[in-house]
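Order of the sequence lines sets the chain letters (A, B, ...), proteins ahead of strands, with each chain counted from 1.
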There are 2 protein chains.
Amino acid sequence: MTTLGYAILGLLSREDLSGYDLTRRMAGRVGYFWSARHSQIYPELARLEDGGYVTHSVVEQSERPDKKVYKITAEGLDDLKAWVTQPPVPRPIRDEFTLKAYSVWLADKEEAARLYREEGLRHEEQLAHYEELRAWMQGAWREDLTSTDSPEFATYATLRRGIGYEKEYAEWCRWMADSIERREPSEKRKKSKSGKNGG
Amino acid sequence: MTTLGYAILGLLSREDLSGYDLTRRMAGRVGYFWSARHSQIYPELARLEDGGYVTHSVVEQSERPDKKVYKITAEGLDDLKAWVTQPPVPRPIRDEFTLKAYSVWLADKEEAARLYREEGLRHEEQLAHYEELRAWMQGAWREDLTSTDSPEFATYATLRRGIGYEKEYAEWCRWMADSIERREPSEKRKKSKSGKNGG
DNA sequence: GGCTTATATGTCAAGAGTGACATAGTAAGA
DNA sequence: TCTTACTATGTCACTCTTGACATATAAGCC
């Protein structure tokens with residue numbers, strides 16, 4: 001079973017979906033940390049059905065083309081449950097943007113500063129979007145978020161990770177741009193003061 | 001030109017290296033955010049040489065097998081410089097561990113808590129290692145780090161990103177484990193108090 | 001009727017990356 | 001002498017992922 005397979009099962013464990021619906025959810029990042037295109041999803045659904053992890057039924061629609069709606073099986077759910085607590089084989093992180101920083105000493109300063117400012121803005125925008133989502137979730141899912149065995153909690157948990165990720169990335173971009181422009185790194189929501197880590 | 005090609009050029013812009021040396025550096029994460037195996041590196045070196053980005057000379061060794069030492073060309077360096085400030089096409093983040101969190105509501109609580117505790121420890125260990133490196137760099141490269149056009153600054157910059165990344169990841173794991181064990185998330189190096197972001 | 005857009009499902013070629021296989025020189029130790 | 005380990009360079013089959021190609025229904029609009 002592939003990781004993509006589990007991403008799909010993760011969605012189907014919450015609701016029955018067609019390949020098209022799955023594609024839209026996977027475009028918007030499943031749990032914000034996986035994605036796939038329809039060209040990968042349709043063949044994977046066939047493999048999942050072949051393996052007995054899902055079944056499908058054709059739903060005839062009058063105002064749209066007919067569709068295949070997929071449902072997770074008991075075996076699929078068991079497999080998914082087992083996978084969730086299995087420690088993943090560590091895969092290397094690949095981040096082209098950070099890799100560029102490794103050669104930033106060769107770059108034109110003005111261009112480099114602009115690059116980091118812009119990338120920082122992109123992450124701040126993503127962060128702002130996530131924060132909005134979080135505010136909405138905390139309002140709409142108040143009770144659900146008190147227990148960790150609700151799908152709402154799980155969605156919220158991955159969103160938290162997204163928020164932390166974007167925040168950290170945006171801060172680093174700001175620090176890079178400030179450094180390149182030879183300013184003191186901007187003081188924004190930072191504690192510092194101690195000095196143990198050698199400012 | 002592939003991203004791997006630029007990763008290799010980034011290393012060769014600092015020093016001449018053999019495929020074997022490159023492999024060892026790529027195993028330890030180039031700039032901490034890219035990696036490759038020798039089976040990918042050797043063919044890529046051939047392509048780079050074919051494209052005129054690098055040249056090689058055979059160095060005969062008496063106490064070891066002979067080796068090919070690669071050197072970046074002027075064209076290679078120009079290409080690398082241009083690439084550094086080019087905004088990368090955004091590629092989706094894929095993180096299997098975070099994806100698992102999306103289905104954590106299905107999991108056995110005890111197993112899940114252990115998973116997040118252990119993964120958190122792994123990131124804390126990596127963080128501790130990075131912090132040691134940072135301390136060493138700040139001692140050994142004092143002057144070099146004052147200007148952003150030194151390779152030392154660039155190395156330090158990617159390390160900073162690694163530190164931020166691991167810190168954030170470890171914190172999220174801790175929050176997950178605490179939530180699953182139904183404790184109040186542990187208070188550790190956190191500011192809070194404001195409340196604007198809706199604690 | 002023709003155009004665009006959204007829904008809906010598929011295939012295929014090509015590239016990136018991995019793990020396994022393959023070969024060989026040299027040093028050190030049993 | 002044999003084995004092990006490190007250095008050193010390569011190939012190959014396979015998987016994952018993408019972008020392009022392909023087809024079809026249906027609604028809305030001009």
Is B:Arg47 paired with B:Glu44 through a side-chain N to carboxylate O contact shorter than 4.0 Å?
yes
Between the base of C:dG19 and the side chain of B:Ser39, is there any donor-acceptor pair under 3.5 Å?
yes
Whole angstrom is fine here: how far is it from NE2 in B:His38 over to P in D:dT7?
14 Å
Proximal nucleotide (of D:dT17, D:dA8, C:dT18) relative to the A:Trp34 side chain
D:dT17
Hey, do the aromatic rings of B:Tyr116 and B:Phe97 have their centres closer than 6.0 Å?
yes
Whole-Å distance separating the NE2 atom of A:His56 from the C1' atom of C:dT9:
11 Å
Whole Å only: how far is the CD atom of A:Glu49 from the C1' atom of C:dT9?
14 Å
Taking OH from B:Tyr42 and C1' from D:dT11, how many angstroms apart are they, rounded to a whole number?
13 Å
Any salt bridge between A:Glu15 and A:Arg25, counting N to O under 4.0 Å?
yes
Is any side-chain nitrogen or oxygen of A:Tyr20 closer than 4.0 Å to OP1 or OP2 of C:dT9?
no
For the side chain of B:Pro65, starting at C-beta, report the closest nucleotide among C:dT11, C:dT18, D:dA8.
D:dA8
To the nearest Å, give me how far apart CG (B:Leu99) and C1' (D:dC16) are.
15 Å
A:Ile41 CD1 - D:dT17 P separation (whole Å):
11 Å
Kindly say if A:Arg94 contacts the phosphate of C:dT18, meaning a side-chain N or O under 4.0 Å from OP1 or OP2.
yes
Parallel, tilted or perpendicular: ring planes of B:His123 versus B:Tyr165, cut at 30 and 60 degrees
perpendicular
side-chain N/O B:Arg24 vs D:dC6 OP1/OP2, d < 4.0 Å
no
Aromatic ring proximity B:Trp83/B:Tyr6, centre distance under 6.0 Å
yes
Can you figure out which of C:dG17, C:dG10, D:dC16 approaches the side chain of A:Thr2 most closely?
D:dC16
Give one of base, sugar-phosphate or nothing for A:Gln40, where a contact means two heavy atoms less than 4.0 Å apart.
base
Within the pair A:Arg37 and D:dA20, is there a side-chain N or O less than 4.0 Å away from OP1 or OP2?
no
Quick one: label B:Thr3 by what it contacts on the DNA or RNA (base, sugar-phosphate, nothing), any heavy atom closer than 4.0 Å.
nothing
Is the phosphate of C:dA8 approached by A:Gln61 (side-chain N or O, under 4.0 Å from OP1 or OP2)?
yes
OP1 or OP2 of D:dT18 versus the side-chain N and O atoms of B:Arg91: is any pair under 4.0 Å?
no
Output yes when at least one side-chain N/O atom of B:Lys68 is less than 4.0 Å from OP1 or OP2 of D:dG10, else no.
yes
Rounding to an integer number of Å, can you tell me how far B:Ile8 CD1 sits from C:dG17 C1'?
13 Å
Regarding the side chain of A:Glu63, the nearest nucleotide among D:dA26, C:dC21, D:dA8 is D:dA26
Which nucleotide in the set D:dT11, D:dA8, D:dC21 lies at the smallest distance from any side-chain heavy atom of B:Lys67?
D:dA8
Using atom CG of A:Leu45 as one end and atom P of C:dA8 as the other, report the distance to the nearest whole Å.
14 Å
Minimum side-chain heavy-atom gap A:Glu111-B:Val84 below 4.5 Å:
no
Please confirm whether the shortest side-chain N or O distance from B:Arg64 to OP1 or OP2 of D:dC6 is below 4.0 Å.
no
